[in-house]
2 protein chains.
Amino acid sequence: MNIPSANILTFHRKGKAMDRIDSSLVALRRILRATDLFGRELAQSAGLTAVQFRVLQLVAEKGDATATTIAQRMRVSQATVTSLVDKLVAKGVVVREKSQTDRRQTNICITDKGRETIADAPDALQQRYVREFQSLADWEQAMIVAALERVATMLDAEDLDASPVLDARDIRSGT
Amino acid sequence: MNIPSANILTFHRKGKAMDRIDSSLVALRRILRATDLFGRELAQSAGLTAVQFRVLQLVAEKGDATATTIAQRMRVSQATVTSLVDKLVAKGVVVREKSQTDRRQTNICITDKGRETIADAPDALQQRYVREFQSLADWEQAMIVAALERVATMLDAEDLDASPVLDARDIRSGT
DNA sequence: GGGTTTTATTTCAAGTATCAAAGCATTTTT
DNA sequence: AAAAATGCTTTGATACTTGAAATAAAACCC
């Protein structure tokens, strides 16, 4: 989590003044680093680990989720999700409920305590981002949105899992 | 750490069309997600874990590094770095060498095999980014650099460790 | 229906990651 | 030189991760 996670963007060309590629990669690394660091703090302040917190966030999005869905979205194995959910159940932030429609499935449902946990977590990073973003001039906001979306498209182009979680399984089955 | 790392940016306001804050957060999440996912693949293709690969990258930057430096830059404990370096030594991509000037220090030096490992790792993500970035119009490149740097500054403002590793210890001792 | 295959999840075993605390060796300070 | 600080490793404990095997339920086929 690893998150602690991956900071894979590096730049190797040296010698002359930094060009735009390098500058943009450096900025990306700063963004990655800041979010990684803050993410760990955020989780800790909620009494969870970073990975546990991410699972909780995914469950919170819709109120419940299946292990498979979570595993696919986090790109970890089902077994991993099971053990993470074990921890979250032990902490009382989610509960397991057998699906009525298909009793093979287990719905992982967020509890009130889970909702509180997320609500109470002081996401300093996001708060600061929102605050500063809103203080920007209109044109600057627009520029940032355009640029971020451009970069996001460049980076996750053929990796479709970032889109709504509908056909993730179908896509993966191709591998 | 996996590195598995933190995807902490969430958005909760719903109901109406997405505003700019939401759009920018979604884009950021896509960026985070893509880099995280690709980072793991990249490391795996090199026969390492994501965290191990990051250590190797840091060592590769200057050819060698001390455990303390790596620990500070990755924000993990020295003990963690020790065990990670153990793995890298076992794989033959780095070696430990006692510093001549201060024999308490251990320089972690990259080997030829280590250099190869990094060179051979097909960083598909970065390659695509570089390729696409270079194909952009001049004004667009400039816009992206400006926007990314703006966002990076918003996110890592008081977190100074992204800058040269000088006083990270002093900052941390405050906690 | 009864048998086979597929799907969803959990359990188990083994390896990796992480850190606090304790230990060692080497400077630096007094 | 004694004491304090520094750099690193070891140890013990917890968490994360996965592949493989096990369990259970649904879907498919004849």
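A, B, ... follow the sequence lines: proteins, then strands. Residue 1 opens every chain.
- The backbone N or O of B:R73 lies less than 3.5 Å from a partner atom in the side chain of A:R33, making a donor-acceptor pair.
- Two residues are said to be in side-chain contact when any heavy atoms from C-beta on lie closer than 4.5 Å; A:I144 and B:M154 meet this criterion.
- For the side chain to side chain donor-acceptor pair (under 3.5 Å) test, residues two or more places apart in sequence or in another chain that qualify with B:S24 are A:Y129.
- The CD atom of A:Q44 sits 13 Å away from the P atom of D:dA15 (whole-angstrom rounding).
- Residues from residues 79-88 of chain A placing a heavy atom under 4.0 Å of any atom in DNA chain D, listed by number, are A:A79, A:T80, A:S83, A:L84, A:K87.
- Remark: C1' of D:dT17 and CD1 of A:I70 are 16 Å apart, rounded to the nearest angstrom.
- Axis angle, first five pairs versus last five pairs of the helix from C:dG1-D:dC30 to C:dT30-D:dA1: 10°, rounded to 10°.
- Applying the salt bridge (Lys or Arg N to Asp or Glu O under 4.0 Å) test to B:D120 and every residue at least two apart in sequence or in another chain returns nothing.
- Remark: B:N107 pairs with B:D64, B:T66, B:S99, B:C109 by the side-chain contact (heavy atoms from CB on, under 4.5 Å) rule, at least two apart or across chains.
- Taking the salt bridge (Lys or Arg N to Asp or Glu O under 4.0 Å) definition, one finds that B:R103 meets it with nothing, sequence neighbours left out.
- Here B:A60 pairs with B:I110, B:I118 under the side-chain contact (heavy atoms from CB on, under 4.5 Å) rule; sequence neighbours left out.
- Residue pairs meeting the salt bridge (Lys or Arg N to Asp or Glu O under 4.0 Å) criterion with at least one partner in residues 88-97 of chain A, sequence neighbours excluded, are A:D86-A:R96.
- Computed from coordinates, the B:Q52 CD to C:dT18 C1' distance equals 13 Å when rounded to whole Å.
- Exactly one residue among B:V93, B:V95, B:T111, B:I108 makes a side chain to side chain contact (heavy atoms under 4.5 Å, CB included) with B:L88. That residue is B:V93.
- Distances shorter than 4.0 Å separate none of the side-chain N or O atoms of B:R40 from OP1 or OP2 on D:dT17.
- Note: CD (B:Q78) to C1' (D:dG7) measures 6 Å, nearest angstrom.
- In terms of modelled atom types and a separation under 3.5 Å, the side chain of A:T153 and the main chain of A:E149 share a donor-acceptor contact.
- Straight-line distance from the CD atom of B:E41 to the C1' atom of D:dT17: 16 Å, rounded to whole Å.
- Nucleotide C:dC19 holds its P atom 13 Å from the CD atom of B:Q72, rounded to whole Å.
- Checked against side-chain contact (heavy atoms from CB on, under 4.5 Å), A:A137 has the following partners two or more places apart in sequence or in another chain: A:W139, A:E140.
- No more than 12 heavy atoms of other residues, nucleotides or ligands sit less than 6.0 Å from atom CD of B:Q100.
- Considering CG of A:L37 and CG of B:L155, their distance stands at 11.5 Å, rounded to 0.5 Å.
- Contacts between residues 100-110 of chain A and DNA chain C, counted as heavy-atom distances below 4.0 Å, involve A:R104, A:Q105, A:T106.
- Rounded to whole Å, the distance from NZ on A:K98 to P on C:dA8 is 12 Å.
- Here B:S83 pairs with nothing under the side-chain contact (heavy atoms from CB on, under 4.5 Å) rule; sequence neighbours left out.
- The distance between atom CG of A:L48 and atom P of C:dT18, rounded to the nearest whole Å, is 18 Å.
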Are any protein N/O atoms closer than 3.5 Å to N/O atoms in nucleotides 12-14 of chain D? If there are, list each pair with its distance.
none

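- Proximity note for B:T68 (side chain, C-beta onward) versus D:dC8, C:dT9, D:dA15: the nearest is D:dC8.
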